[in-house]
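A note on names: the letters A, B, ... follow the listed sequences, proteins ahead of strands, and every chain is numbered from 1. What you see is a predicted model, and the numbers here were worked out from it, not measured in a lab.
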Protein chains: 4
Amino acid sequence: MGRPNHSDIKRSEIVQYVYKAIQDHGIEGATLSTIASYMDGHKSLLTYYFNTKEELFIALVDWCIEEYEKFYFESIKDITDYRERYEKSIELIFSRQWHENINVKVFYSCLYLSMYNPKIKIRFKDMYRRFLESLESELTLYKEKGLINIDDISGTASYILAIVEGFDQLWITMEDSHDFEKSSKLFQQQVRTMLEG
Amino acid sequence: MGRPNHSDIKRSEIVQYVYKAIQDHGIEGATLSTIASYMDGHKSLLTYYFNTKEELFIALVDWCIEEYEKFYFESIKDITDYRERYEKSIELIFSRQWHENINVKVFYSCLYLSMYNPKIKIRFKDMYRRFLESLESELTLYKEKGLINIDDISGTASYILAIVEGFDQLWITMEDSHDFEKSSKLFQQQVRTMLEG
Amino acid sequence: MGRPNHSDIKRSEIVQYVYKAIQDHGIEGATLSTIASYMDGHKSLLTYYFNTKEELFIALVDWCIEEYEKFYFESIKDITDYRERYEKSIELIFSRQWHENINVKVFYSCLYLSMYNPKIKIRFKDMYRRFLESLESELTLYKEKGLINIDDISGTASYILAIVEGFDQLWITMEDSHDFEKSSKLFQQQVRTMLEG
Amino acid sequence: MGRPNHSDIKRSEIVQYVYKAIQDHGIEGATLSTIASYMDGHKSLLTYYFNTKEELFIALVDWCIEEYEKFYFESIKDITDYRERYEKSIELIFSRQWHENINVKVFYSCLYLSMYNPKIKIRFKDMYRRFLESLESELTLYKEKGLINIDDISGTASYILAIVEGFDQLWITMEDSHDFEKSSKLFQQQVRTMLEG
DNA sequence: GATGAATGAGTATTCATTCAT
DNA sequence: CATGAATGAATACTCATTCAT
């Protein structure tokens, strides 16, 4: 590959402006001009650092996925007490912090992009695959420690993933009228009941 | 409203072309020209029947929502045997037919649109509200008949809705590598276990 | 093919503006904006009638070639007296009228384009092939009538073509300091001597 | 003039890249970026050695003209035997080596440039003037030695020049379908017949 | 002596929309 | 009822050039 030696600092700075632009104006509204209006420099700076708009969007997707994963993995990786880790995990996947870590509009814009752009599709697929693998290994661990009582670990993992994503989707649609905290509590309870039998 | 005196037949015909265009080329790709390329007439026919592109998209959203609901309600409305109705319902919400009734790409394109267009947002919100109400009344019925055993009817309804939507989202992302039938079975089982306790 | 029913009148009108723009500003200078500045309408009219700039340039090339040929063929086609026809031919191919019928700069711009654009290259090739064929049949006629005395008709034709084109090229380079009339007379004389032996 | 103190070696190296770029991509395709892609250094090196793109192109024209002349003059300058010199001259001006010494595309690109750029126009004019002068002095010499038999030396010189250039032009247009060697022989014969009477 | 970040004017092309017929 | 000519703003992207280092 040999990424050109354009300063990576500048690149990731720019990605933030793309993020904001999409958050505020959506995909079609996030033109190079609009994005540039968030930054200091001239808009041609965008195509200087990222050759095409597609590249720019892919960089955003990469960043979002990275943030999305980082937040989750960093939050639990140091917890060695299994019970604590189990409970923290359940809490985390329905937590406001995680779901707001990446703006829901931006996340769903990226998801939308993934449907028509193969390069982005692959990234999402990989992310979900990694997330599923991680969920499975966590569930295996908890089962070994007698914290949960399930048979189909792989199936349960995708079931949980679906609930987490559905939780998110409910949120965009209902938004203001949706009581996040109440739902979160409820969903956590349901998932725990399912796992603990 | 005062629908203009343009032939409604022509209008709904056109909506189908918008549907196809979005399915094939996404939102940004579904320009008036592209849409027109699917039909016989000239592209100015589009703005003749629908004054603006926004109106055209709203018409599509309306049609999709209508189809989405119609399929569900029509499928169960005539089943009077409660057990059968209950089982058919669970089966239906995770069925291939329903989830493919409206193309997933088109559905998520509409969902994407709803995030930035207030008029479309309202429509989605209303649809989900109606769906939740319907789910609640169904659950109430099944509970009365002793088929299920839950306390928080309203909470359970939104939980189920989330699972259904999450199931869909899993599908777009994993697509080919995703075994629809197996997941469907699994999800149905999980939901039944949750409901029947 | 089925050329869209864009008025051909408008199309050929536009080609004239391209002609003028290239004459005045060369290929690189003949941007859509520049071309549009010659006409009444908006520049997007150009891509309305001709989808791409390439199409526009090809239309110009076609028109130039057509004019180029028309002038020559129309000038001699009705002359039935062989001697007159022969003399008129020689005069014509070194005449100011013919060489100025299409502006030399425009002609050489088209020739330049032909070097890098295959579609245009073919057109030039075909034109020269047609011109050679016509020259050959003329020479054959004159030979039969005893007006000229040559052996290699085909070779002589390409030799004459080269002289004609070289005459043109001399003209662009020398331009003002070049005495067109004197050269024309001289070249005519040389060619006649060669032909008549 | 006062050539800047930039290394002339580097400058002439760069001119070669311009040559290649034009040969491969034409004038419009020969952007500073494209040219730079042929060399090792960064593209700003180009404007470092040549302040503007125009200067760069002029340098190319100068180099081409120099090569063009050098090849001709060097080839005959040492031949003292008049008959040999005469025959070599005729052969040379229709030789593959000379006409391929500078790539035809590049040569005609320069010729094209000369039509719109006064600085380049002057260079071409001067070149042709020098070439004509040289032809005239050669013809004078051959006439004195009784090798040829013509009256109008100056006129004959421009006639020959035209044939040579026309020969080239025929070549670009017909290219593959054009039998260079056969034409060359034919043209040489014609010119000799004309000169020798 | 050379680099590469940054610029801003300019490119062809696309777009939804208008309007006269 | 429908067309298609015409528009002009907007699009992503490219360009030669400048300038600080």
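Take the nearest nucleotide of DNA chain E for B:Ala30 and for C:Ser33: the residue whose nucleotide is more 5' is C:Ser33. Between C:Leu45 and A:Gly29, the one whose closest nucleotide on DNA chain F sits nearer the 5' end is C:Leu45.
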Determine whether A:Tyr108 and B:Gln169 satisfy the following criterion, side chain to side chain contact (heavy atoms under 4.5 Å, CB included), listing intermediate values before the conclusion. CA-CA 11 Å; A:Tyr108 270 81; B:Gln169 188 171 323; 2.7 Å; yes
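The separation between D:Phe50 atom CZ and E:dA2 atom C1' is 15 Å, rounded to whole Å. Between the C1' atom of F:dA5 and the CG atom of C:Asp40 lies a distance of 15 Å, rounded to the nearest Å. Distance A:Met39 CE to E:dT7 C1': 11 Å, rounded to the nearest Å. Protein atom CZ of B:Arg11 is 14 Å distant from nucleotide atom P of F:dC1, rounded to whole Å. Separating the CD atom of C:Glu54 from the C1' atom of E:dT11 is a distance of 16 Å, rounded to the nearest angstrom. Between the C1' atom of F:dT7 and the NZ atom of B:Lys43 lies a distance of 11 Å, rounded to the nearest Å.
Distance from the side chain of C:Tyr48 is smallest to F:dA5 among F:dA5, E:dA16, E:dA2. Nearest nucleotide to the side chain of A:Leu32, out of E:dT18, E:dA6, F:dA12: F:dA12. Side-chain atoms of B:Tyr49 lie closest to F:dA2 of the nucleotides E:dA6, E:dT3, F:dA2. Checking E:dT18, E:dA12, E:dA16 against every side-chain atom of B:Ser44, the shortest atom distance belongs to E:dT18. When distances run from any side-chain atom of C:His42 to the nucleotides E:dA16, F:dT7, E:dA2, the shortest one goes to F:dT7.
Among the heavy atoms of the strands lying under 4.0 Å from D:Thr31 are primed sugar atoms or P, OP1, OP2 only; no base atom is included.
Each of D:Leu60, D:Ile27, D:Ile102, D:Asn117 was checked for a side-chain contact (heavy atoms from CB on, under 4.5 Å) with D:Cys110, and the lone residue meeting it is D:Leu60.
Searching all strands for a Watson-Crick or G-U wobble partner of E:dA20 with both distances below 3.5 Å returns F:dT3.
Contact between A:Phe124 and A:Ile65 at its shortest, heavy atoms only, is N-CD1, 4.2 Å.
Side-chain polar atoms of A:Thr34 and A:Thr31 form a donor-acceptor pair below 3.5 angstrom.
No donor-acceptor pair closer than 3.5 Å links the side chain of B:Arg123 to the backbone N or O of B:Val61.
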